[in-house]
Structure formats: C-alpha cells, structure tokens
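These numbers come from a predicted model, not from an experiment. Throughout, protein chains are lettered first and strands after them, A, B, ... in sequence-line order, and every chain is numbered starting at 1.
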Amino acid sequence: MYIFYQTKLKAEYTVFRRFMLIMRLTTIILISAILQVSASSYAQKVTLNERNIKLTDLFNKIRTQTGLDFLFSESTLKGSGRVNIKADNQDIRVVLEKVFNGLPFEYRMENRSVIISRVEKSFIEKVIAPLMAIDLTGRVTSEKGQVLAGASITVKGTSFKVRTDQYGNFSIKGLPSGAVIIISFVGYIDREVKVEVPNINITLEVDETSLQEVQINKGYYSTTEKLNTGSSVQITSAQLERQPISNPLQALQGLIPGMQIRQTSGMAGAATTVLIRGRNSVNSGLIPLYVIDGMPFSGVPVDQQVGSGATILGGQPNGATDPLSNINPADIETITVLKDADATAIYGSRGANGVVLITTKRAGKGRPTFNVNYSTGLSEVVNQRGLLSSEDYLALRRRAFVNDNRTPTAALAPDLVLWDPSANTNYQDMLIGNTAKQHDANASLSMGNELSSLLLSANYRNESSVLFGGGRYQKGGFNIRANQTSADGRLKLDLGASLSLTQNDMLGSDFGAAAISIPANYPLYDAAGKLYWITNFNNPIGTTRQSAINKGNTLLINGSISYKILQNLSFKTNLGYTKISQDLTAKAPASSLSPLSTVPVSSGIYSSTDGTVYIAEPQLDYNIKIGKGKLSATLGGAWQQSKNNQPYFISANTFASESLMDSYTNAANFTTVRSLNSEYRYISGFGLINYNWMDKYLINAVFRRDGSSRFGPGKKYGNFGSVGLAWNFSDEQFIKDLNVLSFGKLRGSYGVTGNDQVENYSFMDTYTSTSSSYGGNPGFYPTRVANPDFNWESNKKFEIGLELGFFKDRMRLTSAFYRNRSDNMVVRNAPLPAQTGFTSYITNLDALVQNQGVEFDLHATPVKGDFTWDLSFNISISRNKLLSLPASLSTLYGNIYQVGASLNSYLLFRNKGFVDGVAQFEDLNGDGFIASGLKNDTYVAGTRDPKFYGGFTSAFSYKGLRLDLLFNFTKQIGIDQMGFPGMLGSQLDNLAESQFKPSALTSSASYISYLNFGGSDGLLTDASFIRLRNVSLSYALPEKWQNTIKTKRAQVFLRGQNLFTITNYKGLDPETQGSILPPLKMFVAGVQCSF
Amino acid sequence: MVLTGVTLSGCEKLIEVDVPVNQLTSDAIYADSVTAQATVNGMYSVMYNTTGGGTVTASTFGTFVINCPARSADESYWPNFPNDELVNNSLIPSSANVTTLWNNSYLSIYQANKIIEGMEASGLSATLKKQLIGEAKFIRAYCYYTLVNFFGDVPLITKTDVQSNLSIGRSPVNEVYAQAISDLKEAQGLLAPDYSWSAGLRTRANRWAATALLARVYLYQKEYALAETEASKVIANQATFSLPALSQVFLKASQETIWAFNTNQFGYPFIARALLPSSNGEPSQPLTPNLVAAFERDALRPDYEDDRYAAWVKTSPGGRAYSVKYISNAAGVNTEFAVVLRLAEQYLIRAEARAQQNNLSGAATDINVIRTRAGLRNTPASTKDALLLAIEHERQIELNMEYGHRWFDLKRTGRATVVLSPIKGANWQETDVLYPIPEAQITNNTNLRQNPGY
C-alpha cells in the first residue's frame, strides 16, 4: 500500500490519491557512482543522527558508512519530503525499516546495492483511502506529564506541519489511515506514530543530545549551540522567573561566566554595574550594549543620558535609576550574552564591552491561554554591622579626653555631658531595620494559529522600603505583541509595544551611613520636643521630612517585516522607537535641615529628562549549498538616531510655605535653571559570511563599518570585524570510535570591536550659554578645549573555546580562554595643565589594557527519571592589566594607574604598624614625607577585581515538585571601614583591632595618622563571599486536581533571595561594601495559574 | 562589502548632528554681533559667578582673590578654623585655594585669548572688534597681574592652541608684566572712553579701566614716572571720576568706580556674603585686631578720628570687627557692585610714584585728598621714607579687604617679613611671599618647577 500526500492551504489537511503510472524502475543515478567502495569498508551497522534530512542526503551518509549503493531514479523520490532518523550502531535493515515506515516506497537489497521503488497501490486501496480518512486529535506531553506547547507534528513524507497549543493539543483533519506523523519538540526525542485511531496521547522523552540544537540568538542572525562559532550564553525565562527581582540583570548574577554583576545598593530600582570580561577602558564607558528585540537600549541611568553636567546631583534618590529595571522580567523569553569577537563584532563599534540581547515573549499557537501569576513577600536587611556597646563607646570617649588633657564640655562632647548616658537606641534597627513588603502580579493572554498570534500582558509591582520613614517603589506596565505570516509563508510581520511606568518615592537618603554612625545615646528630640541637631550628623527624623519622587516611563515599540524573495533569499527590516523619560521632584524643606550653621532655607530640585531612539535596520539573507557545505551570507545596514532632552532642570529655594514646594513656580530664588539636549546619530553597514561544511567545520566572518556623530570630521568611520572557526570534532569517525564524547567542539575567534561610549559633541569647538547672566546680559563660555582629532577606541578580542559533552550530553563542559586587548584609549578627561584653560580634555592615549581569563561552565544531570537532579557550576578567573602607558603620560596617571597592574588597583600606603598609638607608614620613595601625588609613597596593594567569581546551581525535581538553589561566589579583597577611637560618632566593633591612641582632637598625632591610615593597606580585608542568592521551591498541582479547578497548569511557589551569605567581611555586605544599604534578604510566596 | 562602502560614503549627512540648543560653534558665535558680545559677558560671568561652567566651582574673582591674600597678610582671620592654611601661611601645593586661583585665572585667560582670536578673524564691524578685543586684552592683563602677584613666574599663554600650550614653562615676572603692559596699552587704544558699552554701568572695562590698571602695573614695576602719568590721566578726568562720601563709595552709581563686577547670579556682591555676619550674628572672617588698631582713632579729637572706621567697620555681639564696605548680602536688596578699580587708589598710586621721584609735596597733596575725605588732618609725614610709610598705611586703611592690595603691597615693597613676621610668629617664612604652584600643574606639565619652600 502506498499513499502520497499533498498539502492544501491552511490548517485543514486533505489528502487524495494520486495515480502513478510508473510501473518500472528506472535505476540510473547513483550518488556513489564515481566512488569505488572497497569491500573492507563494507559494514552492516550504521550510526546516524539526522533531522530533517533529504532522502538523497541520507542515502549518501549511509553509503559512506556501509559502502552500500542506492539505486533509484530521480523521479521516484520526487516530492518525498524529509525524514528524521536516529540510530546507534544499528543493523542497516532495521534502519531502513524505520526510514521507509510510512513512506510510499519499498526497497530491496541486492549484493551491495539498495534498490528503491515506489509502491503501486491496488485499485481498491485507491478507492477506499478517502473513506478511511481520520480526523485526528491528540495531546503531547513529556514523560513527566508536562504539557508541551508548540510541539510540531509533521505528516511523514510531506511538508505539512501543525503545532500544539498551550495545552499540548493538536488536530489534523482528513488524515489517511495508516499515515505516519512525526512529533518533535526542542529538547525531546522525535517520535513517529502510525495513525490508526482518531485520538492519541503522545509522550516525548527528553533528548539530551538535542541541547546541541538549541537556537542561539546572535542578534542579526541565529545559530544553534552546535554550530555556534562564538562565545555566548543564553538564559531562558524559566531561570529568570525563579527570582523575585525587579531588574532582569540581577537574575543573571552567578549564572553567566565572564559576566560580573554587582548590585550597587539594596534600594529598589537602583543601578546594577555589569562588566563583561573585565574593564577594557581607562575611562570610556564600560556598559555592555543592551539590545531589546533588536533595539539598542541605553544602560546609562536616565538622568545621565543627556551628557555631562546634566546629572541630577543630590536630587537622585537611592543612587542612579537603572533603565533596565523598567523592563519587566516576566516579559522576557531569553537573555543572550555575547562575549567574544565572533559574537560581538557584528555590533562593531559598540561591541567592545560585550552585548546583552534580550528577546521578549511571543504568543504560542492554539486556543487562548490566560496566565496569571501573583506573589507577595517580605524583605529586610540581612545583617547588621557590629558596633561598640554604648558603655564601651562612652568609656572610649572619656579616655580620649583624658589623653588630650581636655575636659569634655557641652560643646566638645554633648554625648558625655548633655545626653543621657543610659539611652541606648539601636539606630540600625530604627533606620534600616524595617521589613519591606512586596506584591507582584503578572497576567497574560496569548492566542494564535498557524499564521497569526497575539500576546497581551500586564504587570504591577509594589515594594515598600526597609528604611525609617518608608517610601515605595511601584512599577506597572502593559505589553502587546502580534505576529502575522502571509498565507504563502513568505511575508512575516512581528510588532510589539510595551509601556512601563515607575514611581519611586523612596527617601532621598539611604540611611546606611547614618545607621552606623549615630551614637546610641543621641537624642532625636530636645527637651522642648523639637528636633535635636548637632553639626556631626543629620537628625534622621529631619531627613524623613525630605522627599524625592521619581516618575519614569519607558515606551518600546518595535517591529520587523521579512519577506522571502526566493527560496534562499530573504529581506528583513527591523524598525523601532524607544522613549524613556523621568521626572523628578526632590524637596528639602527648611524644617528638615540643621539650623546650626546657617538659617535653613527650603530648597527643591525639579527636573524632567527624556530620551528617544529611532532605528532602522534593513538586511538581506542568502543561503546556498556549495559542495558539501552550506554558505549563508547576510548584508545589512543600520541607522540610528538618539535624542536626549532635559526640558528643564531647576534648582530653586526660598518658598513662602513648605506646603508650596510641589511647584518651583512658588520659589523666590533660582540657583540653576537649565535646559539641555543632545543628539547622537549612527550609521553602519555590515556583512556576514558563514560556511558550514557538513556541520563539522565552520567558519564565520563578520565585517562592520560604523559611522558615528560622536567623532570629528574625518574620524567618523571605523572598521570592525572578526573571524570565528569551529570544529565539531565529535563528528569525526575516530572520535566516535572512542565512544567517550557525545559532543566535542573546538572553536576560536579573533576580531576587533570598538567602544564609542564617549560624550556627544566632544570634538566640537562650541560655546555654551552661562546658567547665570552677567548683569542681565546673556553670556557664553567655551564648553571645552576642543579636540577634533580623537577617534575610535579599539578592542581586539581573542578566544579559544572547548565544548565537550559526555554521557549523551548529560554532562556538558564549556571552557574558554580569552585575551582582550584595548588600545588607542579615548580618555574624556585626560589631565591637562590648567594653563591651557581647562584641566582636562578628550584625547586618545596610547595605552594598552589587557583582560585575560579562563571560564568554565559545567552542566550535569546526575540523576534522571521521576526524580531528576540537575547541577551546574561556573567559574571565571580573569586578570586585568595595564600593559603600557606612554612615558609622557605616566606622570599624569601615576597616582591612579600603574603599568603592570590592574586598572582597578588599590594604590595605598604601606602600614608599618603603630608606635605609641600613631600609625606608621613606609616612606617608599625615601623623601622623608608620607604623601601621595608627586611625592608618591603608594604601592599596588591589591585590586578591586575579583580573583575569581561564579555560581553554582542545583535543581531537584520529583514529579510536580521542584527545588532550585542558586549560589554565587566571589573571591576578592575589599576595604573595611574603621572609625577613629575617641571621636563623636558611633564606633564599629573592629575598633578592638585598632591600635590608635584615642583622641577627640583632629590635630592629635594619632588622628592625623588615621587620615593616612584610610589610604593605606591597613584597611584591606578579605571581602570574599558565597551567597545563597536564590532558592525556589515550586509545586505543580497534579493533573487530576487541575482538571477539578479547570486550570491547564497551576503551581504554587516559595522563593527566597539572598537568604544567607558566608563571608569574613565585617561590614554590612561584601558585595556593596561601605555603608550603602546592602542587597536585601527576601521571602516570596506566590501562585501561578494558566487557564 | 563593496556595496556597504559605497552606500556609506553617501550617508555622511545621516550622521551629522546639530549642536545642542544651549550651544553654538565658535565659528557661528563670532559671526553675530549679539553672540560675540555674549562671549565677553560670559568671560566676566565666569570670572565672577559661582557656576559659569568650565572648571569654575567657586567665585574666583568674587571672593578668592580678596579673601586669600587678606588672610595671608594681616587683614582678616578665620576664627572657626584655627589651623587655616592662609592665616598660618602654611599653604600646601594641593590646597584648593591655590588650585582655584591658578586654574580659574587661566580659564579666564583662555576665554580672553579665544575672544581675541575669534574677533580678529571675524567679519564683524571694526567698532565692535576694537571694543571686544580691548576688553579681552584688559582681562588677560588683569589675570596675569593677579597670577604673578600670587605665584611669581608663571606660564605666559597668549594663544588657545592646546597642544602648544600644555608644555609651556614659567616665564619671568618681568616678561609677564611686559605682556600685561603691552595688552593694556593696546586696550587703551581699542576701548571706548566711556561706559556706553555697559549702558552707563561701570561693569565692563573701558579706556579708563585700562589706564588705571596700567598705572598700578607701572607702580608695581617701579616705573614711577609712567605710573604717575597714567594715574594723572584718570584723576584729571573729573567729569567722570570723583570721590564721593565714604558711604557712597561702593554703590552702583558711585562716581569713584573705574571698573566693577556686576552683581552675581543671586543679585549681590559675593564679598558681602563672605564678610558680613551669618545668621548667628558673628562674621566668619573678621578683621584682625592688627587692622582695627591701624585705624587712627581718637574720638575726642575729630581730626584724629578716621571716619572710615565708622563707615566701613562694625563690631559683632561677640566682639569681632568686620568689614561693612558692602552691606548687600541677600537677593533683592542689592545696592552695590564689587569694585575692582577706583579713584582713591589712583591718588595713592600717584602719591607713591611722586614720593619715589622725590616730589614730596605732590605726594603729600595726593595723600591728603584721601585723608580729607576720611575726616583726618593732613599727613604729618615730610621725608621720603616717612611719606612712603604713610602711603603704605593709607593704602592699608583705604583699600582694606579689596582685591589683595595689602598682601601685594607688603610683597612688592619688600616689607612682608618686617611687618608679618612679628604677627605670624614661627609660622612665617621668607618663602611664604609666593604661593605654591598647584601640585596637579607640576604633575601635568613637567616643565613647571615649584616655588622655593614647598
């Protein structure tokens, strides 16, 4: 019996018979005709792992393994479609049975030939086939019962294909009885099922080796894990969702080798510093290029995007606001981090610091699915700084006065004379010890069919603060994404828009410093019940009367249109628009300020900042087969315009009443009234050529030419490019014979990327209007010493990587060695002698900076089955080194950088201990003085760079229950804090180690030596840590229950963030160090349902 | 790739950007008479206002140029900071005071050089070019005069080209003065003889300002005959300049003013804010007992009672004497400009020049003009030495707390050690007459050498 299928348009499938009159076999064409196959190579066993392969190609592969010739006529195989086959050293006959199962062919083996012919149907068969047609419905699940949405179902021998919906369901109409369908899903082994009944349930087995097939987004193109010639790491939504954080970057901490992520503060919305493979530049920007759905997205805090001088100093609460915290993590499908030249060179001038690609979710196909997710939780400061007890502190103060031969007076020592010695307020409890609450809700609706899909989502998040005086961070947004494919599949549209609104009402101060410096017996109020003030620190109740309300919104609109011009040629254009804006009102009423030195005046800062980006990126993609290889080429261009505006920035004071401070129009006096804007334009052309020979040998070459408005005439363009090579050596027979590796790839790349993170207009000789007039007449002053000659900073990246898979890829190890070197440093503030008019200017320095390191990333599944245990471990070891600095410039930078040491070195005095309570330092240059600067006595005492860092994850799952643990660790040195014994102000408990002679006089020898001690190696300390960054326990309700509550998927979860930290560091936190509010400990419980 | 290259070459326009709304290119700014004048306003503004832009973070010519030398000499002190590096003459090369004086003087010089180059190349009217170039040369001369008096030999920069400027070493004081004199002479020829460019206000330099400063520079250079000639020119212009009553000297409309800074961005002279008492009633920078004692005072004999004490000095509840030459220290109550050049100094310049040329009676006449206004009898000095001391004293009183006169006088007459050593005690070293070159300058320009003693 044979059947031949033909596709009809749309999802409906009908089949009809086609009568074939080929009665005889015309055996002519042999693929192997040219080759003589020796008998010795003849074998009856074959090993194959092919997906979507043409029959002719498959026969070719079998021939090379077995020496068998295949005999058939071209017309025989016409329209036969493609097949999937996997065989591990199996008999050729078994393999051929598999291949031909469901296909309208039969074969016979004669001598060393396989002769293939079409099966002719009997007349009866032809007549009854339509009557036998089946309307098939089915459901696809994993072995563990998980629904597999988006699995594809192909009718064997045809190109007809449908996908499962959100519930794993699919249906095909008019399928002939006995037809074979192939069910496939990324990460699972394909299954072939012969259709005999109208309703089937199919379970798929997880396929480890198919990890190699995971699609990797590389920006302008995508590839698979196996065929990737570059270094990139991809994180999926599942990993992001487990962390109850608001900034997606924080979720990457500990997961990506080579990516160093540091939270700058525990305040909601605060910036995160990200460094991919070390600091490449002396002082150009170090921020990676963020690309969201093809749109570059600035990682620079919004208020700083206008340019220098536009930063809202003093008005920005809780540090700078990270624009990425405006992106809802729940909307993200994948985050891909590109690291080496091969991956980043296509981003040319902006790839030097690495590229982070964020792809948002698209709707699946199938019936509408409604998904809700709600969680709520608590957070608090993990740990308190140890302080001297109040009695010990006061005793120390008294001893200081004795040492100074002075009597404590009310003016000198209010803590000893005026304040109640028994008062004992724990200011850490009071100021940073509150419990913050958070609520997070996400809802999405997704629907689609073969040709179109739609996703709608909304989110809301509300976090309160651990700080005294409260404050709230709120964030909400909407997201819509629609996709449409034309009926012939040639035209594709993808459109999306998202709007995110934030409001940050956190206090203007983070209290971290106040909490550890206010003495325990400091009274907040005086006898008359008014706020009590002294000069040494602000009354925290005063601070709570200040406010800073920061409102932001982020609008992202992007889309792409692609059209398949020919079978192997397609055209695509990305278009996008982004607008981010931020408005700030920061108020410091007179009643919040100390009246001691001057009469307090109410003051406020009012500003509005926004940035818009337009981008257009057309590209042409072309694929062709050349010999045994595939060549693909892409040619594209990009044009971008970014505008930043600060319509107003007003610093005003003197209000008739504190209640009138919401508007600056009520102010009597204006100290700054400013309006700024800046513009940046960018144009580029790029090309990519990839040649893939049998999936075994790969070469990938990228070229990009960029032009940027940031550089002067004649310096605007730069050329960048890379070459990447990969060898999948596990496909070589001799490796296969070893039977050790399931995957093995050796890859290397070299290329040049650039860094254009310099200020706009830096080359221009301009005048700026003075913020204040001269006697009512407008004034202009020279903006800068212009240097039209500076140009691109270039970063040369070299990498060698080795990727190995063992035990059918149940264990995967990726290791990489890289060496990145940057030269032609653009230094925006290269020191100038002030006699030139300015103290700095922008120029290129002939300095060479190297980042060299190794990275290891291990993933393993030691136990698999009902109970599954997944493990991963990654570690990054890198060294930053300034290789050269021109001699003429070494004096300029001698205080900051030293050749041979890291750019992040600690240049400190060498502490030689104490003599009579006075710290001693080594006079390294022997001039009799201890000084920094010209008379330099500092040495490279260490570096701020971590020695190594990484993460460790462990996931256990048993049926619906799943436990995930994520640790991250960093080995580094940091700087401890230490107060001076005897001064007014609470003292840290490490004072016990201090050998300073207590004194309350800033002129005492011991205090003066303490000032140098702060710049010495005496405070260096181990700041290494291991942190349990995330714990997630989730339970998916069993199907029976789900049916009862009519959900498709329901799970409850408990999550914890920063639960504990193992460290020797004594301060609040080894990650943030100093007295900044540290990352918070967080517990969250929630529920997720899909309907 | 070829296609890419071809496409890009035609795309130059796509990456051209306009300058920001608050900026203009240097070419454009000197093509328009309004904006060209605004660069001159900007030059005064940056000198005087706290936030002009560039590296200005404090008012160099509003407070630093007055307060630093006043404390280095014996005019004022800083009771809240007993270890004040100025009062103790213990400046260090990294001191913010010297950095501000140095950096911002050179910023103003850069602006002046830029105006000179811009206007010379400009196609604007000859009248405008003359005035603006004249003002720039005047400011450049004033800044060099200030620099040499603080630092001694300094780099002489007269062009804007950064690459050639960055390695220039120190020029001898005489060469710097020669440049200042040449600039001032040119400015005399270029500038208008009246205050029409500043609408009658004496807040922009004119020919008389250049003449008055030239008289001062000649005096400092011991060119006494020339100093007398220049001072006489100013004094002779009685239609424009006269000596009003003591209470009127610093008012906006004062006939004595030759050149003053317009008010700061808050609407008052900075120096008033610096010297008048703060909210607790006490001044942060009171006059020294030494200066207070120098006033001739005898309430019983009006001829022996210096009226300037009553007019210009007050005492706080805490017993601190402070200067009330300026009384406007808050927005909206301003009646004064910060006067840099005024007629009284011209009389004293001429008196000293005459005394040095042995015209003793002429010297006495000029001193007595000043003393008469102060309600004092004529000077009893009759010998050259006595007259020179009398002039030193008269300058100490008349010009107290004004733009460094006392400090510069003691230094140029070689009397700093004689006068200050008894007051400052062990803190005083001979080498303290020069401020240190800021440390960063020596780091950034290896051709600079530090002053002795630092």
Side-chain angles (χ1 to χ4, degrees), chain A residues 597-599 635 637 639 668-669 671-672 674-683 685-687 703 705 707-709 716-717 760-761 764-775 777-783 785 787 831-839 841 891-892 894-895 933-934 1003, chain B residues 1 3-5 7-8 11 14-26 29 35 38-39 41-42 44-46 49 51-55 83 94 102-103 106-107 109-111 114 155 157 160 162 165-166 168 201 203 262-263 265-266 278-279 331 439-446 448:
Chain A
S597 57
T598 49
V599 176
L635 197 62
W639 178 78
N669 194 15
T671 46
T672 309
R674 183 173 71 195
S675 176
L676 291 176
N677 73 332
S678 80
E679 189 181 346
Y680 163 55
R681 288 182 182 209
Y682 185 88
I683 190 165
F686 58 85
F703 170 80
R705 180 167 167 85
S708 164
S709 65
K716 288 192 187 302
Y717 291 94
N760 292 331
Y761 311 113
M764 274 191 191
D765 182 13
T766 66
Y767 271 85
T768 302
S769 62
T770 51
S771 56
S772 39
S773 68
Y774 183 66
N777 298 303
F780 275 97
Y781 66 93
T783 318
V785 169
N787 180 4
L832 267 182
Q835 67 197 50
T836 58
F838 285 77
T839 52
Y841 76 146
T891 49
L892 308 191
N895 290 324
L934 266 192
S1003 56
Chain B
M1 313 299 138
L3 181 64
T4 310
T7 320
L8 283 183
C11 294
L14 287 172
I15 49 167
E16 266 170 28
V17 290
D18 290 332
V19 291
V21 284
N22 61 336
Q23 294 185 20
L24 278 173
T25 63
S26 293
I29 208 156
T35 52
T39 63
N41 288 325
Y44 291 116
S45 182
V46 168
N49 283 325
T51 51
T55 55
N83 296 324
S94 57
W102 179 283
N103 290 7
Y106 275 110
L107 174 59
I109 289 167
Y110 176 80
Q111 285 182 269
K114 193 113 176 114
I157 311 283
T160 59
V162 59
N165 287 346
L166 55 78
I168 293 179
L201 300 177
T203 51
N262 209 314
T263 52
Q265 71 255 52
F266 309 110
S278 56
S279 58
E439 181 175 53
Q441 304 312 311
I442 295 185
T443 317
N444 295 343
N445 177 2
T446 46
L448 293 184

Asks: Where on Tyr680(A) is there a heavy atom nearer than 4.5 Å to chain B: the side chain, the backbone, both, or neither?
Replies: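 For Tyr680(A), the backbone is the part near chain B, not the side chain.
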Asks: Is any side-chain heavy atom of Asn444(B) closer than 4.5 Å to a side-chain heavy atom of Gln835(A)?
Replies: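 No, their side chains stay 4.5 Å or more apart.
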Asks: Less than 4.5 Å apart, side chain to side chain, heavy atoms only: is that true for Ile15(B) and Tyr717(A)?
Replies: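 Sidechains of Tyr717(A) and Ile15(B): in contact.
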Asks: Testing the basics here: between Tyr106(B) and Ala834(A), what is the closest heavy-atom pair and its distance to 0.1 Å?
Replies: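 In this case the closest contact between Tyr106(B) and Ala834(A) is CB-O, 3.2 Å.
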Asks: Verify side chain to side chain contact (heavy atoms under 4.5 Å, CB included) between Thr203(B) and Tyr774(A), making sure each step is shown before the conclusion.
Replies: CA-CA 9 Å; Thr203(B) 51; Tyr774(A) 183 66; 3.9 Å; yes
Asks: Please report the closest heavy-atom contact between Leu166(B) and Leu832(A), naming both atoms and the distance.
Replies: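 Closest pair (atom of Leu166(B), atom of Leu832(A), distance): CD2-CD2, 3.8 Å.
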Asks: On a heavy-atom basis, which atom in Val46(B) and which in Tyr781(A) lie closest, and how many Å separate them?
Replies: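 Result for this residue pair: CG2-CB, 3.7 Å.
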Asks: Look at Ser26(B), Ala440(B), Gly42(B) and state which one has the largest set of heavy-atom pairs under 4.5 Å with chain A.
Replies: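 So the answer, after comparing Ser26(B), Ala440(B), Gly42(B), is Ser26(B).
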Asks: With chain B, which of Ser1003(A), Pro833(A), Gly779(A) has the greatest number of heavy-atom pairs at distances under 4.5 Å?
Replies: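 Top option by heavy-atom pairs under 4.5 Å: Pro833(A).
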Asks: How close do Phe780(A) and Leu24(B) get, heavy atom to heavy atom, and via which atoms?
Replies: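 Heavy-atom minimum between the residues: CZ-CD1, 3.9 Å.
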Asks: Can you tell me which portion of Tyr682(A) sits under 4.5 Å from chain B's heavy atoms? Options are side chain, backbone, both or neither.
Replies: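 Just the backbone, heavy atoms under 4.5 Å.
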Asks: Looking at Tyr761(A), Trp639(A), Tyr841(A), which one has more heavy-atom pairs under 4.5 Å with chain B than the rest?
Replies: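 Of Tyr761(A), Trp639(A), Tyr841(A), Tyr761(A) has the most heavy-atom pairs under 4.5 Å with chain B.
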Asks: Tell me, for Leu448(B) versus chain A, whether the close heavy atoms (under 4.5 Å) come from the side chain, the backbone, both or neither.
Replies: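 The answer is the side chain of Leu448(B).
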Asks: Less than 4.5 Å apart, any side-chain heavy atom of Asn103(B) and any of Thr839(A)?
Replies: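 In short, these two side chains touch, coming nearer than 4.5 Å.
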Asks: Identify the heavy atoms of Tyr110(B) and Val785(A) that sit nearest to each other, and give their distance.
Replies: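 In this case the closest contact between Tyr110(B) and Val785(A) is OH-CA, 4.1 Å.
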Asks: To the closest 0.5 Å, what do you measure between CG (Asn41(B)) and OG (Ser769(A))?
Replies: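 Answer rounded to 0.5 Å: 12.5 Å.
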Asks: Supply the atom-to-atom distance Glu16(B) CD to Ile683(A) CD1, rounded to the nearest 0.5 angstrom.
Replies: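 Going from CD on Glu16(B) over to CD1 on Ile683(A), the span is 11.5 Å.
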Asks: Looking at every heavy atom in both Val17(B) and Met764(A), which two are closest together, and how far apart are they?
Replies: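 Nearest pair, atom of Val17(B) first, then Met764(A): O-CE, 4.1 Å.
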